[in-house]
2 protein chains.
Amino acid sequence: MAPGTEGPASAAYFPTLAAERLDIALCRASAAVARATEARAHALGLGVGQHLVLKMLAAVGPRSQRVLSDELRIDRSVMVGLCDSLEQAGLVRRERAAGDRRAYAVTLTDAGRQRLAHAEEAVPALLDDAFQALTPAERDRLSALLGKLLRPAP
Amino acid sequence: MAPGTEGPASAAYFPTLAAERLDIALCRASAAVARATEARAHALGLGVGQHLVLKMLAAVGPRSQRVLSDELRIDRSVMVGLCDSLEQAGLVRRERAAGDRRAYAVTLTDAGRQRLAHAEEAVPALLDDAFQALTPAERDRLSALLGKLLRPAP
DNA sequence: TATTGTTATACTCTATAACTATA
DNA sequence: TATAGTTATAGAGTATAACAATA
């Protein structure tokens, strides 16, 4: 075999790389998980962003698009389209906020609550699929580590 | 304050969300780390992909673009531009592979080796910055978990 | 003047499919 | 026919800036 093209010698390289560069490992793992969940998530009929909005509204009650954007770390201009699609599907209503006529109070409808419940049922299976390489205990540890990474420095 | 727009009550929502959806936490953590490393990585004058190619060539010797693509999980069509830029900067040479005139043997130059060494020096600081929320022991644990997630099922 | 929602623009990634020259 | 490298195109996602209505 010609020099520069032999295979087996390089086949073991990637794991080494991933171990050395935590930032790259994180990026690749995220992409791999996203690919794994994509199909299942799409089957729910709810995009991730849409799901997040419904979930937050269910947890904290009606909020403005601005608050949803800030809290979910989704850009205001993206939130517009998200709320558009949810409203069109009848899952939220855009009520006018009582004290500020610039803002909406994005409100979960009964249909939205039902759809969310249905989606939430499917989440554990979705996660099981994507994280089958990890035991439940390992998933908890990963969750704790990521949580620490995401939380702004106290 | 008007209903639907009060702030503090919802400010604690995101951490809860991240804890429940491991896939989303992973995605957000990856994005946060990428943002944190972006500035420093750019200062190195080497993109992540360029860095990966140099690093792999240094580790395993001259390889074809195909092998680099497969091993680094970078699409062939992207690898073209990566090698273009590296060649233009004088960091690699595209030598013809001895036994297969379709393929190159992408080869690290001395300048490439130097540039890589310089970049590698900066990596620890780059990672320290992005992962300052985690102790060294926690980083090791995260690395191990991500490695398990990335390794194809044995 | 600052803010909420909206729209438009641009730019980066990625995926895909062709095409060439070799095998 | 299959593979290595290349090119072109289209789509998703994101960042940015502008704008109208309101504060």
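Just so it is clear: chains get the letters A, B, ... in the order the sequence lines come, proteins before strands, and each one is counted from 1.
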For atom CG of A:L82 and atom P of D:dA12, their distance in whole Å
15 Å
Round to a whole Å and report the spacing from CD1 of B:I74 to P of C:dA15.
12 Å
Return yes if some donor-acceptor pair links the side-chain N/O of B:S69 with the main-chain N/O of B:Q65 below 3.5 Å, else return no.
yes
On DNA chain D, compare the nucleotides closest to B:R35 and B:V78; which residue's is nearer the 5' end?
B:V78
Euclidean distance, atom CE of residue A:M79 to atom C1' of C:dT3 [Å, nearest integer]:
17 Å
Ranking D:dA15, D:dT22, C:dT22 by distance to the side chain of B:R101, first place goes to C:dT22
Heteroatom pairs (N/O) under 3.5 angstrom, protein to nucleotides 11-13 of chain C:
none

Just N and O in the side chain of A:Y104: are any of them under 4.0 Å from OP1 or OP2 of C:dT3?
no
A:E38, CD: over 12 other non-hydrogen atoms inside 6.0 angstrom:
no
Answer yes or no: is there a donor N or O on one side and an acceptor on the other, between the side chain of A:T109 and the main chain of A:L91, under 3.5 Å?
yes
Give a yes or no answer on whether the side chain of A:R63 reaches the backbone of A:L68 with a donor-acceptor pair at less than 3.5 Å.
no
Nearest 0.5 Å, what's the OH-CD distance between A:Y104 and A:E95?
12.0 Å
Within the structure, does a side-chain N or O atom of A:R73 lie under 4.0 Å from either OP1 or OP2 of D:dA15?
no
Has the side chain of B:E87 got a donor or acceptor atom that lies under 3.5 Å from a matching backbone atom of B:V92?
no
Sub-3.5 Å pairs of nitrogen or oxygen atoms, protein against nucleotides 16-21 of chain C:
from: C:dT16; atom 1: O4; to: B:S77; atom 2: OG; distance (Å): 3.3

For residues 119-131 of chain B, run the donor-acceptor check on the side chains, cut-off 3.5 Å, and write out each pair with its distance to 0.1 Å, sequence neighbours left out.
from: B:E120; atom 1: OE1; to: B:K55; atom 2: NZ; distance (Å): 2.9
from: B:E120; atom 1: OE2; to: B:H51; atom 2: NE2; distance (Å): 2.5
from: B:D128; atom 1: OD1; to: B:R139; atom 2: NH1; distance (Å): 2.8

Determine yes or no for a side-chain-to-main-chain donor-acceptor pair under 3.5 angstrom, with B:T107 supplying the side chain and B:A105 the backbone.
yes
Interatomic distance, B:D84 CG vs D:dG5 P [rounded to whole Å]
12 Å
Between atom CZ in A:R96 and atom P in D:dA21, what is the gap in whole Å?
12 Å
Can you tell me the distance, in whole Å, between the CG atom of A:D100 and the C1' atom of C:dT3?
8 Å
Sub-3.5 Å donor-acceptor pair from the side chain of B:R73 to the main-chain atoms of B:E71, do we have one?
yes
